[in-house]
Each structure stands twice: as C-alpha cells, then as structure tokens.
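This report concerns only the one structure given below.
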Amino acid sequence: MNDITARNLQRAHQQWLLGKSLDTFAPMGPYAVSADEVGDPRKLIVSCTVNGQLRQQAPIEDLIFDVPDLISIISSGITLRSGDIIATGTPAGTGVGFTPPRFLQPGDVIECAITGLGKLRNTIAVPTHPAPGAEKTGCGSTVGR
C-alpha cells in the first residue's frame, strides 16, 4: 500500500484523517498473496522510490509491533474479517522529513516494493476534483503534498 498524505490538509485540519483519506491516496497492489507464499515476513524489505531515487527502505522486522501483536491490538477494538488490510506505517524517508521538504508533484513516479512480492507503480496526476481548500495550495486528490 502506498500511503499518500496531503500534508497541507493535514496541517490545516490538525488531524490525520482528511490528509490521508482523499480518493486515490491509498493505492494497493499489484496483487495479494497468502501467508504460505511469503515465508518469514520479518525478512521482507519494504522500499519506496520517487522518480527512481530511493526514499525509504526497511525490513518488516523493524516494525514497532510485530504482525501478531498488531492483529491482537487492532482486533481488541475492531472486528477483523478475512481480506481486511492493516496499514502498519512507513519507514523513515517521507518527503516532509527532508530539509527542505520534498513534496510530490504532478508527473512524479512512485514505486513501492516488497522483496519477492512485487512493485506498485503510480504517477502523480493533476487533480480533477480538488479537495476543499486545496485550490489555494495546489494539492488535490492525487497529489500528496
């Protein structure tokens, strides 16, 4: 899953929901696999590039909570069903962490990959239906700014 965030909307509303929940902001894929096809998930490496430049890379074993703990914690308050997706967070290297920040722009190509499982490739597009307030900042439904 590619966790896109509209930082300007996140800051303006001082919470995470609007900045992370716009249409097109959580592309997933390219396919799902069963646990028996993964092997030891702690050994998988998650990576992300923007325009071919490596931005993020870390093994799953670096998660703050391991997968069984995540399932236990989440299912204590939310009913989990077969096929549910749990987004666990992101490795260091998001654009906002750079000095100066490196925000995504129309035309940028983002590739998220997990070793042995495939790669998700998305191109940032100019929004056709900007989110409320986004007109002033240039951020819209497919630009994570």
### Message
Are there over 12 heavy-atom neighbours, none belonging to I64, within less than 6.0 Å of that residue's CD1?
### Response
no
### Query
Can you find a pair of side-chain heavy atoms, one from L63 and one from D66, that are under 4.5 Å apart?
no
### L120 side chain reached by M28 side chain, heavy atoms, under 4.5 Å
no
### Message
side-chain contact (heavy atoms from CB on, under 4.5 Å) for Q10 and V96? Distances and angles first, verdict last.
### Response
CA-CA 12 Å; Q10 188 179 35; V96 74; over 6 Å; no
### Query
Does CZ in F65 sit with more than 12 non-hydrogen atoms of other residues, nucleotides or ligands closer than 6.0 Å?
no
Could you list the donor-acceptor pairs under 3.5 angstrom formed by side chains in residues 45-55, with sequence neighbours left out?
| unit_1 | atom_1 | unit_2 | atom_2 | d |
| --- | --- | --- | --- | --- |
| N51 | OD1 | V109 | N | 2.8 |
| N51 | ND2 | D108 | OD1 | 2.9 |

### Query
Could you walk me through whether I86 and L80 pass the side-chain contact (heavy atoms from CB on, under 4.5 Å) check?
CA-CA 9 Å; I86 299 172; L80 293 175; 4.2 Å; yes
### Task
Would you please test T5 and T94 for side-chain contact (heavy atoms from CB on, under 4.5 Å) and show each step?
CA-CA 10 Å; T5 304; T94 62; over 6 Å; no
### Task
Could you grab the distance from atom CG of L70 to atom OG1 of T88, nearest 0.5 Å is fine?
6.5 Å
### Query
So, do N122 and T24 sit near enough that their side-chain heavy atoms are less than 4.5 Å apart?
no
### Query
Are I78 and I71 linked, directly or through other ILVMFWY residues, by side chains that come within less than 4.5 angstrom of each other?
yes
### Query
Do the non-hydrogen side-chain atoms of D62 and P59 ever get within less than 4.5 Å of each other?
yes
